[in-house]
Undergrad: 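I have a structure here, written as structure tokens, and I will follow up with some questions on it.
Both ligands and their constituent atoms are indexed starting at 1 by order of listing.
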Amino acid sequence: VSAHREEHLELCAARALGSIDEADRAELERHLAGGCPECERALSELGHAVEQLAMSAPAATPRAELRSAVMDRVRAEAAASPRASEEARTRRAENVVARDLPPRALVRPARPRVAWSGWALAAAAAVLAVSTFAAWRVAEGLRVELAAARGRLAQAERDLAIERAWSAVSTSPGARVVDLAPLTGGATLPRVRATYDPSSRRAVIAFEDLTTPAGSDFELWAVLPDGPKSLGVVRADANGRAQVRIEDAGSPETLAAFALSLEREGGSPDPRKPAGPVVLAGSVRP
Ligand SMILES: [Zn+2]
């Protein structure tokens, strides 16, 4: 079991960056075999940073200044110890000599770290800077998505509240449901079901098989004591369906029936009187 030294963290950085040599790898593994929480934490953090960098590589290429800062650092380190590799060779030679000594006397010389530890740390710092930037971008993207999702949720909640209010029309205990019956033969008439809730005075009128003859429009009417009142022309969707929602169809005392007339395109010119034939009608009186 070898005690933890600062140098081991440099080996961890080199290993995470894939720039460790065999001798260093062997030394680090010997050290890790004895268990070292500090090195394990460093390896896990560096490994995560490198992973992040790999994942964000296309989006987060290091900025030019960052790369040149790292390269400057490498050149500065190289200039500071120009003989580093030569020293290493000398030490290896000493090692060979030392091999002839009895094992107990074998003293491993300090490794020449200076030549690469600087750039290894600079590179690790660059990895962390890039991965931090990448993480920030991811977080920023998520923040924007979250805001958009919250907006959609709020809209969906408003829509749902409206749908609930309208579906309450049909579930209201006093709701009156009437299928409008044809008053004339011949024409292709839609199927129309009116649901009226006396307590809210709301009505939902559902249309099926609504095929409007060319140049015409179907117009919906509420029949009140003082005569009919237009509820507007009804246009079908692509499936021949339509739904008309009426906020105030009148009080239960005044609303007598719903009716449908076939008008010229655009509807009757008089909102209190159909101009064309009334083709369907249904009483909502209990
Ligand atoms: Zn350690």
Undergrad: Rounded to the nearest 0.5 Å, what separation is found between the OG1 atom of Thr171 and the CZ atom of Arg164?
TA: 11.5 Å
Undergrad: Quick one: angle Cys36 SG - the Zn ion (ligand 1) - Cys39 SG, to the nearest 10°?
TA: 110°
Undergrad: Using 30° and 60° as the class limits, which term best fits the ring planes of His31 and His8: parallel, tilted or perpendicular?
TA: parallel
Undergrad: Closer than 3.5 angstrom, by distance alone: can the side chain of Ser251 be matched with the main-chain N or O of Thr254 as a donor-acceptor pair?
TA: yes
Undergrad: Could you tell me whether Asp248 and Arg201 have a side-chain N and a carboxylate O separated by less than 4.0 Å?
TA: yes
Undergrad: Considering only N, O or S atoms, which atom of His4 is nearest to the Zn ion (ligand 1)?
TA: ND1
Undergrad: So that I can check it, does any N, O or S atom in Cys12 come closer than 2.8 Å to the Zn ion (ligand 1)?
TA: no
